[in-house]
Trainee: 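Below is a structure I'd like to ask you about.
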Amino acid sequence: MAFGWIDGQAAARRRAGLVRTLRPRPADSPLLDLASNDYLGLARHPEVVEGAAAAARTWGGGATGSRLVTGTTELHGELERELADFCGFEAALVFSSGYAANLAAVTALAPHGSLIVSDAGNHASLIDGCRLARGTTQVVAHADPDAVRKALGTHDGPAVAVSDTVFSVDGDAAPLAGLAGACREHGAGLVVDDAHGLGVLGAGGRGAPYAAGLAGADDVVVTVTLSKSLGSQGGAVLGPARVVEHLVNAARTFIFDTGLAPASAGAALAALRLLGREPQRAARAREVATGLHARLTAAGLEAVRPDAAVVSVRAPSPEEAVQWAADCRAAGLFVGCFRPPSVPDGISRLRLTARADLSEEQIERAVRVIGETRP
């Protein structure tokens, strides 16, 4: 029977406690949200919503085509210029998603005969970029510049190291300065995904590369998403102008994909400008994350110290993690639940996201619910 093998895989998922289901949320959820990636609380900000609405009224509901045909509007160019300037890079290129941006950066910058050195904890989009690239991939130990250095030393030819700046599971930060140093010893490029750093780290939220002194470097390429701190949708690649020009001509997820919808571009641009006026939002997100961690550990829970806005709390098993998250929801708290294969080390977790707009009372309430519902 066609697709009969699916039933076997479904049964295996049920036995392992790894079944995933969609839960549509209402427009006005009563739950306290510590699950979304809306780090700065901007997704519903009036200026951001109006930015989306105004763009839709002006440009229509969709981009109408690929970026190289009809999908580039004046708004896309405006967003690219301001995003590059804010983050300290020469140029930017906007994509329909952060996933597409990562696929573009890795595949277009790792041609046949090149070496890709990939961190073991990288996001699925970077992993898939490595799989699709024509170069050879070597996976190395997590957050280890010496392992990157050793891998690069085995190759004679073009090479790039690829890493998240802030890892999405535990919220730990990559040693960017060390990685850049290892790459420069071997003339390799560095490609980093700052999805969880933009808006949270660096001066005024300018990102982890900016904080590490790597912004604008001619051997560093950064990908970002517009769907987390900027409360919108889409992604971008930042870097030297010649790299961006290369992506326009060589990146398949740019050439053959419909451009980012104008409403998303308008919302992201409004959020970026708002962050420029209110840089304290970035510091507040970090403060909330630190406060969550301190309260959780004081309550006897095993929480990973956050380097940005992600706080991870270990669970005994996949089944207990799912039940824990469900019990939190029943008590009015929405938290993330990460299980294999989303977690490469096989340790299931509750994943909490700190938001700049959370009050102290909400933080205390969240910690109380998590403690009362622990397995």
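Any value given below was found using the heavy atoms of this structure, including those in side chains, with hydrogens, waters and symmetry copies removed. We number each residue from 1, following the sequence as shown.
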Trainee: Within the side chain of His45, is there an N or O that forms a donor-acceptor pair under 3.5 Å with the backbone of Glu47?
Mentor: yes

Trainee: Any chance the side chains of Thr353 and Asn37 put a donor and an acceptor closer than 3.5 Å?
Mentor: no

Trainee: Should Cys87 and Leu198 be marked as a side-chain contact (heavy atoms from CB on, under 4.5 Å) after you check the CA-CA gap, both sets of side-chain angles, and the distance that decides it?
Mentor: CA-CA 8 Å; Cys87 295; Leu198 176 65; 3.7 Å; yes

Trainee: How about Phe254: does its CZ atom have over 12 heavy atoms from other parts shown lying under 6.0 Å from it?
Mentor: yes

Trainee: Ser232 side chain to Ser264 main-chain N or O, any donor-acceptor pair under 3.5 Å?
Mentor: yes

Trainee: Applying the 4.5 Å side-chain criterion to the ILVMFWY set and letting contacts propagate, would Ile347 and Val313 be lumped into a single cluster?
Mentor: no

Trainee: Between Thr290 and His293, do the side chains contain a donor N or O and an acceptor N or O under 3.5 Å apart?
Mentor: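 His293 vs Thr290: no donor-acceptor pair found between side chains.
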
Trainee: How about His123 and Tyr99: does a side-chain donor come under 3.5 Å of a side-chain acceptor?
Mentor: no

Trainee: To the nearest 0.5 Å, tell me how far Leu333 CG sits from Leu350 CG.
Mentor: 9.0 Å

Trainee: Do Arg206 and Asp194 sit within salt-bridge range, that is, some charged N less than 4.0 Å from a carboxylate O?
Mentor: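 Looking at Arg206 and Asp194, the cut-off is not met.
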
Trainee: Give the C-alpha distance, both sets of side-chain angles, the deciding distance and a yes or no for side-chain contact (heavy atoms from CB on, under 4.5 Å) between Val94 and Arg67.
Mentor: CA-CA 9 Å; Val94 166; Arg67 289 289 309 273; 3.9 Å; yes

Trainee: From His142 NE2 over to Asp144 CG, what is the distance, rounded to the nearest 0.5 angstrom?
Mentor: 10.0 Å

Trainee: Between Pro209 and Val192, which heavy-atom pair has the shortest distance, and what is it?
Mentor: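 Where Pro209 meets Val192 most closely, the heavy atoms are CG-CG2, 4.1 Å.
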
Trainee: Is it the case that the side chain of Thr107 and the backbone of Gly129 share a donor-acceptor pair, with hydrogens and angles ignored and the cut-off at 3.5 Å?
Mentor: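 Judged by distance alone, no pair lies under 3.5 Å.
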
Trainee: Is the shortest heavy-atom distance from the side chain of Met1 to the side chain of Asp7 under 4.5 Å?
Mentor: yes

Trainee: Would a hydrophobic clustering, with Ile, Leu, Val, Met, Phe, Trp and Tyr connected at side-chain separations under 4.5 Å, put Val311 with Leu32?
Mentor: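 Yes, Val311 and Leu32 fall within the same hydrophobic cluster.
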
Trainee: Of all heavy-atom pairs between Ala180 and Leu214, which one has the smallest distance, and what is that distance?
Mentor: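 Distance-wise, the nearest heavy atoms are CB-CD2, 3.8 Å.
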
Trainee: Roughly how far, to the nearest 0.5 Å, is CZ of Arg368 from CD1 of Ile363?
Mentor: 13.0 Å

Trainee: Identify the two heavy atoms, one from Pro306 and one from Ala289, that lie closest to each other, and give their separation to 0.1 Å.
Mentor: CG-O, 3.7 Å

Trainee: Search all heavy atoms of Ala101 against all heavy atoms of Gly235 and return the closest pair with its distance.
Mentor: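 Minimum heavy-atom separation between Ala101 and Gly235: CB-C, 4.3 Å.
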
Trainee: For a side-chain hydrogen bond (donor to acceptor under 3.5 Å, both in side chains) with Asn102, tell me which candidate from Thr223, Thr253, Thr225, Asp128 qualifies.
Mentor: Thr223

Trainee: What's the spacing between Asp85 CG and Glu90 CD if we round to 0.5 Å?
Mentor: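 One finds 12.0 Å between CG of Asp85 and CD of Glu90.
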
Trainee: Hydrophobic clusters here meaning ILVMFWY residues chained together by side-chain heavy-atom distances under 4.5 Å, can you tell me if Val310 and Leu296 are in one?
Mentor: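 No; tracing contacts between hydrophobic side chains, which count when under 4.5 Å, never links both residues.
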
Trainee: Answer yes or no: are there more than 12 heavy-atom neighbours, outside Arg314 itself, under 6.0 Å from its atom CZ?
Mentor: yes

Trainee: For residues Tyr39 and His196, determine if any side-chain heavy atom of one lies less than 4.5 Å from a side-chain heavy atom of the other.
Mentor: yes

Trainee: With a 4.5 Å heavy-atom cut-off, do Asp172 and Val304 have their side chains touching?
Mentor: no

Trainee: Same cluster or not: Val117 versus Leu190, using hydrophobic residues (I, L, V, M, F, W, Y) connected whenever any side-chain heavy atoms lie under 4.5 Å apart?
Mentor: yes

Trainee: Check the pair Arg355, Ser36 against side-chain contact (heavy atoms from CB on, under 4.5 Å), reporting the backbone distance first and the verdict last.
Mentor: CA-CA 9 Å; Arg355 295 203 327 268; Ser36 76; 4.3 Å; yes

Trainee: Given Phe167, which of Asp193, Asp307, Asp119 fulfils the side chain to side chain contact (heavy atoms under 4.5 Å, CB included) condition?
Mentor: Asp119

Trainee: If we ignore hydrogens and angles and just use 3.5 Å, is the side chain of Arg281 paired with the main-chain N or O of Gly199 as donor and acceptor?
Mentor: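 Here the side-chain-to-backbone pair does not exist.
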
Trainee: Which value, rounded to the nearest 0.5 Å, describes the distance between Ser118 atom OG and Ile127 atom CD1?
Mentor: 6.0 Å

Trainee: Identify the heavy atoms of Leu126 and Ser163 that sit nearest to each other, and give their distance.
Mentor: CD1-C, 3.8 Å

Trainee: Under a 4.5 Å cut-off applied to non-hydrogen side-chain atoms, are Thr58 and Thr73 in contact?
Mentor: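 A side-chain contact under 4.5 Å is absent here.
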
Trainee: Are Asp38 and Arg44 packed together at the side-chain level, in the sense that at least one heavy-atom pair is separated by less than 4.5 angstrom?
Mentor: no

Trainee: Measure the shortest side-chain to side-chain distance between His76 and Leu260 over non-hydrogen atoms and say whether it is less than 4.5 angstrom.
Mentor: yes

Trainee: One thing to verify: whether Arg273 and Glu78 come together as a salt bridge, which I'm taking to mean a side-chain N less than 4.0 angstrom from a carboxylate O.
Mentor: yes

Trainee: Run the side-chain contact (heavy atoms from CB on, under 4.5 Å) check on Glu278 and Leu40 step by step: do they pass?
Mentor: CA-CA 10 Å; Glu278 300 179 4; Leu40 303 183; over 6 Å; no

Trainee: When you compare the side chain of His155 with that of Gln138, does any pair of heavy atoms fall below 4.5 Å?
Mentor: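 Answer no - side chains too far apart.
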
Trainee: Same hydrophobic cluster for Ile116 and Val221, using side-chain heavy-atom links shorter than 4.5 Å among ILVMFWY?
Mentor: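 Yes: a chain of side-chain contacts under 4.5 Å links Ile116 to Val221.
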
Trainee: Where do Arg295 and Glu360 land on the salt bridge (Lys or Arg N to Asp or Glu O under 4.0 Å) test, with the steps shown first?
Mentor: CA-CA 11 Å; Arg295 290 171 170 83; Glu360 293 302 313; 3.0 Å; yes

Trainee: Is there a side-chain contact between Leu226 and Leu79 (heavy atoms, below 4.5 Å)?
Mentor: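 A side-chain contact under 4.5 Å exists here.
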
Trainee: Answer yes or no: is there a donor N or O on one side and an acceptor on the other, between the side chain of Asn122 and the main chain of Asp164, under 3.5 Å?
Mentor: yes

Trainee: Is a donor on one side and an acceptor on the other found under 3.5 Å between the side chain of Trp324 and the backbone of Ile370?
Mentor: yes

Trainee: Would a distance-only check, ignoring hydrogens and angles, find a side-chain to backbone donor-acceptor pair under 3.5 Å from Arg351 to Gly171?
Mentor: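 No, because the side chain of Arg351 does not come within donor-acceptor range (under 3.5 Å) of the backbone of Gly171.
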
Trainee: May I ask you to check whether Asn249 and Glu245 show a side-chain donor-acceptor distance below 3.5 Å?
Mentor: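 Side-chain D/A pair, Asn249 to Glu245: absent.
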
Trainee: So that I can tick it off, tell me whether Arg349 and Glu302 are bridged by a salt bridge, with the cut-off set at under 4.0 angstrom between side-chain N and carboxylate O.
Mentor: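 Looking at Glu302 and Arg349, the cut-off is not met.
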
Trainee: Nearest 0.5 angstrom please: Glu80 CD to Leu238 CG, how far?
Mentor: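 Rounded to the nearest 0.5 Å, the CD-CG separation comes out at 10.0 Å.
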
Trainee: State whether a side-chain donor-acceptor pair under 3.5 Å links Thr70 with Thr64.
Mentor: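 Their side chains do contain a donor-acceptor pair, which is all the 3.5 Å distance test asks for.
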
Trainee: Give me the atom names and distance for the closest heavy-atom approach of Ala366 to Leu34.
Mentor: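 Looking at all heavy atoms of both residues, the shortest contact is CB-CD2, 3.8 Å.
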
